[in-house]
Amino acid sequence: MPDSLDPAPADVLDDLLARARAWAADDPDPQTRAELEQAVAAVETGGDEAARADLGDRFAGTLEFGTAGLRGALGAGPNRMNRVVVTRAAAGLAAYLLDTGHRGGSVVIGFDARHNSDVFARDTAEVMTGAGLKALVMPRPLPTPLLAFAIRELGCAAGVMVTASHNPPQDNGYKVYLGDGSQIVPPADSEIAARIEAVGAMADVPRGDAGTTVDEEIIDRYLDTVAELAGDGPRDLTIVYTPLHGVGGTSVVQVLETAGFSEPHVVAQQEQPDPEFPTVAFPNPEEPGAMDLAMALAAERDADIVVANDPDADRCAVAVPGAHGWRMLRGDEVGALLGHHLLSLGRRGTYANSIVSSSLLAKMAQAAGQPHEETLTGFKWISRAPGLAFGYEEALGYCVDPEHVKDKDGVSALLLVCEMAAAAKAEGRSLDDLLDEIAAEHGLHATDQLSVRFDDLAEIPATIQRLRDDPPASLGGLAVERIDDLSLGSDTLPPTDGLRFALADGARVIVRPSGTEPKVKCYLEVVIPVDPEDGVGAARIAAAGRLDAIKGDLRVAAGL
């Protein structure tokens with residue numbers, strides 16, 4: 001389709017209007033049907049370029065069903081999240097399950113508190129029962145890891161979670177799991193997508209009843225399972241917690257109390273689920289400002305730690321007090337702390353992390369005599385590491401109990417972080433002290449990111465190709481010793497778009513397009529030995545300077 005901002009030729013515009021009218025006629029939702037009819041009317045009556053661009057964007061392809069399922073802005077049309085798109089996705093998944101030997105099987109369906117999440121869950125349930133499958137629907141908005149837990153506990157053939165995780169308020173999404181409790185990966189994603197493509201008119205999709213509501217007992221079973229992860233030990237810890245207007249609140253409070261901790265101080269303005277996320281610009285604890293209210297409450301309460309979840313509670317963020325105020329721990333730092341904790345408890349098995357996460361976990365696992373595996377980005381890959389004992393990715397995702405939840409789980413990770421912090425406090429130490437001890441043993445592994453957003457999407461592959469064709473010989477004064485073109489794959493990694501630069505002294509840079517945003521993301525790591533005389537502080541200063549130098553050279557080399 002031509003650029004929708006350009007004046008459209010009459011035949012192209014007529015085709016767009018015809019497709020929009022046909023979609024509206026097929027739409028079972030009066031709200032999105034009216035929305036689309038108004039958009040059509042605005043264009044038909046000589047609407048301005050903005051009206052034509054809006055309508056064109058709604059029909060500029062279809063939301064792509066991939067290994068993360070679906071995710072996009074709410075609204076009418078195939079390039080939005082709505083009841084038509086969700087019904088088609090559910091029908092395609094049902095067809096896949098029937099074709100792969102799961103006739104009569106169960107599908108458990110969870111949902112968060114975003115706009116239309118409950119509606120999309122009900123539509124999914126009706127399509128599943130209409131196809132002859134059993135639909136088990138969670139009783140209310142609940143965390144994503146609880147859905148992943150329920151799949152295996154209830155012996156289901158698949159699971160669906162309606163959530164857009166930490167996306168903006170206007171978005172929603174549709175995450176699909178198979179019976180092993182893991183998110184779908186190839187070839188299942190493309191096989192489901194092909195069946196979605198084959199779905200006909202909405203009137204031809206069989207619908208049954210709204211399924212069976214899952215008993216509250218499954219929720220208690222999950223929460224008790226999580227609480228049991230914490231062993232005997234100190235519990236004196238003043239905790240500030242925020243669910244960021246999401247669904248983690250009651251679960252986290254119950255788990256902490258069951259495990260013996262005092263009730264956390266919850267940020268009142270962010271305690272209740274709210275799909276508008278009114279107190280944050282972006283409901284992601286990694287974003288600047290998202291944790292300000294929590295840190296202010298922590299200062300007021302003289303707290304020992306701040307912990308947070310993203311809106312669907314599958315991620316966990318941590319902040320600690322320091323000499324210069326509260327500091328957010330990086331995802332790699334929390335990953336190192338959790339890995340260290342589980343290794344010290346004697347947890348045996350594979351310790352895994354994504355390729356863009358720190359290399360520190362590999363060294364820690366090796367020192368403890370445990371296997372390590374590096375995977376592609378995303379828990380759909382991490383959860384499939386053979387014999388997984390612990391897995392994490394730098395974007396605040398941690399799997400600390402793969403026996404029960406084969407996905408990232410912000411509730412269980414949060415509990416173990418609090419257990420570590422309480423044990424350290426009892427010894428007169430802090431989580432920062434534990435990080436310093438890890439650095440003294442394995443070297444300081446400092447990580448950082450460089451992300452660049454593009455308005456012209458064509459610039460994203462062009463940027464990656466520039467680095468392929470003319471790679472730098474050095475970055476930040478460190479020689480580039482090896483370049484791995486990740487698109488070629490390897491014995492251990494499937495192909496994925498991106499480049500990895502191995503630098504001198506154990507440093508590395510990975511450059512890849514974002515899977516969810518119009519960005520090129522660069523992941524940096526440097527490794528600085530800790531001199532016993534100078535201490536970790538000196539190593540941190542050296543690492544910060546080296547990371548800044550690498551960033552500067554990378555911008556030049558990539559034309560960013």
Side-chain angles (χ1 to χ4, degrees), residues 64-69 175-178 180 182-194 332 335 350-363 365-366 371-388 390-395 397 399 402 406-408 447 449-451 457-472 475 480-503 506-525 554 557-558:
E64 183 178 347
F65 186 91
T67 48
K175 187 179 289 189
V176 176
Y177 299 76
L178 293 182
D180 64 352
S182 295
Q183 297 176 47
I184 55 171
V185 294
D189 57 345
S190 58
E191 292 173 0
I192 295 170
D332 282 316
T350 300
Y351 286 70
N353 57 263
S354 62
I355 57 172
V356 298
S357 301
S358 172
S359 61
L360 175 57
L361 184 65
K363 295 178 182 175
Q366 182 181 23
H372 174 269
E373 185 160 323
E374 191 176 58
T375 76
L376 293 185
T377 305
F379 260 84
K380 56 186 174 284
W381 301 110
I382 296 170
S383 67
R384 286 178 163 77
L388 183 66
F390 167 67
Y392 94 92
E393 61 183 1
E394 50 75 40
C399 176
K406 289 188 70 176
D407 199 8
K408 54 185 177 289
T447 58
Q449 270 196 45
L450 170 64
S451 294
L457 297 185
E459 278 300 306
I460 294 176
T463 299
I464 305 292
Q465 195 58 45
R466 251 194 317 273
L467 287 169
R468 273 196 185 94
D469 295 340
D470 188 19
L475 290 169
V480 175
E481 297 182 338
R482 192 183 74 252
I483 302 172
D484 299 324
D485 187 341
L486 301 175
S487 69
L488 302 177
S490 69
D491 293 341
T492 56
L493 291 174
T496 187
D497 192 15
L499 297 166
R500 176 165 52 187
F501 299 88
L503 311 182
R508 64 108 172 102
V509 172
I510 295 175
V511 183
R512 61 184 283 270
S514 169
T516 56
E517 300 174 275
K519 290 181 177 180
V520 168
K521 287 190 169 184
C522 309
Y523 302 83
L524 289 59
E525 179 175 38
L554 189 58

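This is a predicted model, so every value here is computed, not measured.
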Which pair of heavy atoms, one from Leu467 and one from Pro472, lies closest together, and at what distance?
CD2-CD, 4.1 Å

Tightest non-hydrogen contact, residues Val356 and Arg512, listed as CG1-CD, 3.8 Å

Can you tell whether the side chains of Asp497 and Arg468 come within less than 4.0 Å, N to carboxylate O?
yes

Distance (rounded to the nearest 0.5 Å) between Thr447 OG1 and Leu524 CG
9.0 Å

So how far is it from Lys406 NZ to Ser182 OG, rounded to the nearest 0.5 Å?
4.0 Å

Looking only at heavy atoms, which two atoms of Pro471 and Phe501 are closest? And how far apart?
CB-CE2, 4.1 Å

Are the side chains of His372 and Leu361 in touch, meaning some heavy atoms are under 4.5 Å apart?
yes

Indicate the atoms forming the closest heavy-atom contact of Ile355 with Arg508, along with that distance.
O-NH2, 3.8 Å

For Leu554 and Val509, work out which heavy atoms get closest and say how close.
CD2-CG1, 3.8 Å

Rounded to the nearest 0.5 Å, what separates atom CG in Leu450 from atom NZ in Lys521?
11.5 Å

Measure the shortest side-chain to side-chain distance between Arg384 and Asp180 over non-hydrogen atoms and say whether it is less than 4.5 angstrom.
yes

If you define the side chain from C-beta out and look only at heavy atoms, does anything of Leu499 sit under 4.5 Å from Ile510?
no

So do Thr377 and Glu393 actually touch side chain to side chain, heavy atoms under 4.5 Å?
yes

Straight-line distance of Leu360 CG to Lys363 NZ, nearest 0.5 Å:
7.5 Å

Under a 3.5 Å cutoff, is there a donor and acceptor pairing between the side chains of Glu525 and Ser359?
yes

Any heavy-atom pair between the side chains of Ile464 and Pro513 that's under 4.5 Å?
yes

Whether Arg500 side chain and Arg482 backbone form a donor-acceptor pair below 3.5 Å
no

Can you establish whether the number of heavy atoms outside Glu64 located under 6.0 Å from its atom CD is more than 12?
no

If we ignore hydrogens and angles and just use 3.5 Å, is the side chain of Ser357 paired with the main-chain N or O of Glu394 as donor and acceptor?
yes

CG (Leu486) and CG (Asp484) are apart, to the nearest 0.5 Å, by 6.5 Å

Looking only at heavy atoms, what is the nearest atom pair of Phe379 and Tyr392, with distance?
CZ-CA, 3.9 Å

Atom CD of residue position Gln366 - does it have more than 12 heavy atoms of other residues, nucleotides or ligands inside 6.0 Å?
no

Do Asp407 and Ser383 make a side-chain contact, defined as non-hydrogen atoms from C-beta onward lying under 4.5 Å apart?
no

Is it the case that the side chain of Thr350 and the backbone of Ala352 share a donor-acceptor pair, with hydrogens and angles ignored and the cut-off at 3.5 Å?
no

Given Cys399 and Ile382, is the side chain to side chain contact (heavy atoms under 4.5 Å, CB included) satisfied, shown in steps?
CA-CA 9 Å; Cys399 176; Ile382 296 170; 5.6 Å; no

